[in-house]
Amino acid sequence: MSGALRSRIIGCGSYLPQRVMSNDELSEIVETSDEWIVERTGIRQRHVAAEDEKTSDLATNAARAALAHAGIDASEVELIVVATATPDDTFPAVATQVQRKLGITHGAAFDVQAVCSGFIYALSVTDAMVRAGQAKVALVIGAETFSRILDWQDRTTCVLFGDGAGAVVLKAEPAGDIRTDRGVLASRLHSDGRYRDMLYVDGGPSSTRTTGFLRMKGREVFRHAVENLASVVGEVLNEAGFEAKDVDWVVPHQANRRILESTAKKLGLPMERVVVTVDRHANTSAASVPLALDTAVKDGRIKPGDLLMMEAMGGGFTWGGALVRWG
Ligand code: ACO
């Protein structure tokens, strides 16, 4: 292919583990209540992976669904990028195990680690590689088993997260006019490592030789999330030459309903244009944006030609946004 390229998203899919854990069930483990969790976060339930279910299993199921939706055979995939902070093992990359499970032996597969912003990072990196001609068809997956790194004695964190996976299929197409093209129109990534202690896992191969548990200063994270998300959304819109009013759907990282509301308000967008799944999925980290996308595409809210703003913020801190014309 010669000339400028655009990555079109030709399909999406997702997977949630079968087991659903309600707030009431959690209140039997830690001192909390359905009322507190719903009021402070909007979360009503979360999915939890089975003992023998690994992140690569969730990712592969989501990838299969996305390939079926795109009408593409796995053999056509030349690149697999998985965003995850909860890999099966320290190495190899989850993406290589997804590749194996899909029966692919050509092309490349690697993981991206940006915690809850992981899907935006993976989408941005994959888009750049597709536009550079490195792959004609690529899978971008966000998959997590956060239940494995939660301290189930800590009510300030264990009520917030869930397990799941979501995936999209990107395809290289000739670029035309950014006003009308389908696909990834612009993306922007940020990080600031000074905020490590606000949201981190207190273990790792090189520090403690253990997996560790998630630790978070919730109130601080909340404040930074609203600021950073509104700012990166503005940057992405500016780069692509669009305004907030042009956006049909915000597909945000699902951390907390109050963060979604505050960010929407800051952008001057009504909540009717924000896809909300945090009530059913909780925070699934890198999986939450593609899970929300798949939910709204499959229930018919997101239609071909709609302009989508995806955004996320996570540990590091990391944050980013991507503007996509669907279909
Ligand atoms: N059940 C009952 N009470 C609780 C619970 C719980 N599960 N958790 C905390 N509390 C108590 C606290 O102990 C505290 O009690 P105290 O006043 O007696 O000390 C009280 O509730 C208030 O606690 P705060 O932490 O001030 O509550 P806040 O309103 O800030 O809500 C929350 C906490 C939900 C964590 C909020 O700060 C938040 O959502 N922050 C953003 C966190 C987040 O989304 N992180 C992920 C984003 S980035 C990423 O996705 C990786």
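Along the sequence shown, residues are numbered consecutively beginning with 1. In listed order, ligands and their atoms are each counted from 1.
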### Message
Check for me, please, whether Met310 and Ile178 land in the same ILVMFWY cluster - side-chain distances under 4.5 Å, paths through other members count.
### Response
no

### Query
In the protein, what heavy atom is nearest to atom 46 (C) of ligand 1, and what distance, to one decimal place, separates them?
Asn283 ND2, 3.6 Å

### Task
Could you find the nearest protein heavy atom to atom 35 (C) of ligand 1 and give me its residue, atom name and distance?
Leu160 CD1, 3.9 Å

#### Entry: Residue portion contacting ligand 1 (non-hydrogen atoms closer than 4.0 Å) for Leu199
side chain

### Query
Can you name the ring-ring contact (aromatic ring centres under 6.0 Å, His included) partners of Tyr121, sequence neighbours left out?
none

### Message
Going by a strict under-4.0 Å cutoff (protein heavy atoms only), does atom 21 (O) of ligand 1 have a neighbour on the protein?
### Response
yes

### Query
Honestly, is Arg196 close enough over Tyr200, meaning NZ or CZ under 6.0 Å from the six-membered ring centre and within 45° of the axis?
yes

### Task
Please check atom 9 (C) of ligand 1 for a protein heavy-atom neighbour under 4.0 Å.
yes

### Query
Which of the atoms in ligand 1, numbered in the order shown and given with their element, are less than 4.0 Å from a heavy-atom of Thr156?
8 (N), 9 (C)

### Message
Can you confirm if the NZ or CZ of Arg179 lies within 45° of the ring axis of Phe242 and under 6.0 Å from the centre of its six-membered ring?
### Response
yes

### Message
Quick test: of every protein heavy atom, which one is nearest to atom 33 (C) of ligand 1, and how far off is it to 0.1 Å?
### Response
Trp36 CH2, 4.0 Å

### Query
With a 4.0 Å heavy-atom cut-off (strictly under), which part of Val159 contacts ligand 1: side chain, backbone, both or neither?
side chain

#### Entry: Main-chain N/O of Val297 paired with Trp326 side-chain donor or acceptor, under 3.5 Å
no

### Task
Run the numbers on Thr318 and Met313 for side-chain contact (heavy atoms from CB on, under 4.5 Å), then give the verdict.
CA-CA 6 Å; Thr318 56; Met313 146 109 186; over 6 Å; no

### Query
Out of His224, Arg155, Met313, whose heavy atom is nearest to atom 12 (C) of ligand 1?
Arg155

### Nearest-neighbour protein heavy atom for atom 44 (O) of ligand 1, which is reported as residue plus atom name and distance
Ala255 CB, 3.3 Å

### Message
Tell me whether atom 18 (O) of ligand 1 lies less than 4.0 Å from at least one protein heavy-atom position.
### Response
no

### Message
Please state which option from Glu39, Met216, Arg219 has its nearest heavy atom closest to atom 42 (C) of ligand 1.
### Response
Met216

#### Entry: Nearest protein heavy atom under 4.0 Å from atom 29 (O) of ligand 1, yes or no
yes

### Task
List the atom of Ala143, the atom of Thr55, and the distance in Å for their closest heavy-atom pair.
O-CG2, 3.5 Å

#### Entry: Ionic contact status for Arg19 with Glu25, cut-off 4.0 Å
yes

### Presence of salt bridge, Asp279 and Arg44, under 4.0 angstrom
no

### Test: Asp181 and Arg8 ion pair at under 4.0 Å
no

### Task
Indicate, as side chain, backbone, both or neither, the part of Ile259 found under 4.0 angstrom from ligand 1 when only non-hydrogen atoms are considered.
side chain

### Message
If we count only non-hydrogen protein atoms and require a distance under 4.0 Å, does atom 50 (O) of ligand 1 qualify as touching the protein?
### Response
yes

### For atom 27 (O) of ligand 1, closest protein heavy-atom neighbour
Arg40 NH1, 3.2 Å

### Task
Kindly give the heavy-atom pair with the smallest separation between Asp151 and Arg215, and that separation in Å.
OD2-NH1, 3.0 Å

### Task
Considering heavy atoms of the protein only, find what lies nearest to atom 34 (C) of ligand 1 and give residue, atom and distance to 0.1 Å.
Thr41 CG2, 3.6 Å

### Task
Go through the steps to decide whether Arg258 and Phe222 satisfy the test side-chain contact (heavy atoms from CB on, under 4.5 Å), and finish with yes or no.
CA-CA 9 Å; Arg258 283 156 56 215; Phe222 192 108; 3.7 Å; yes

## Note on the structure
Closest to atom 36 (C) of ligand 1 among protein heavy atoms sits Asn256 ND2, 4.1 Å

### ligand 1 versus Thr32: contacting region, heavy-atom distance under 4.0 Å
both

### Query
Of all the atoms in ligand 1, which lie at a distance below 4.0 Å from a heavy atom belonging to Cys116?
49 (C), 50 (O), 51 (C)

### Message
Checking contacts here: is it the side chain or the backbone of His253 that comes within 4.0 Å of ligand 1, counting heavy atoms only? Could be both or neither.
### Response
side chain

### Query
Between Glu261 and Lys265, is there a salt bridge with N-O shorter than 4.0 Å?
no

#### Entry: Nitrogen or oxygen of Gly218 less than 3.5 angstrom from that of ligand 1
yes

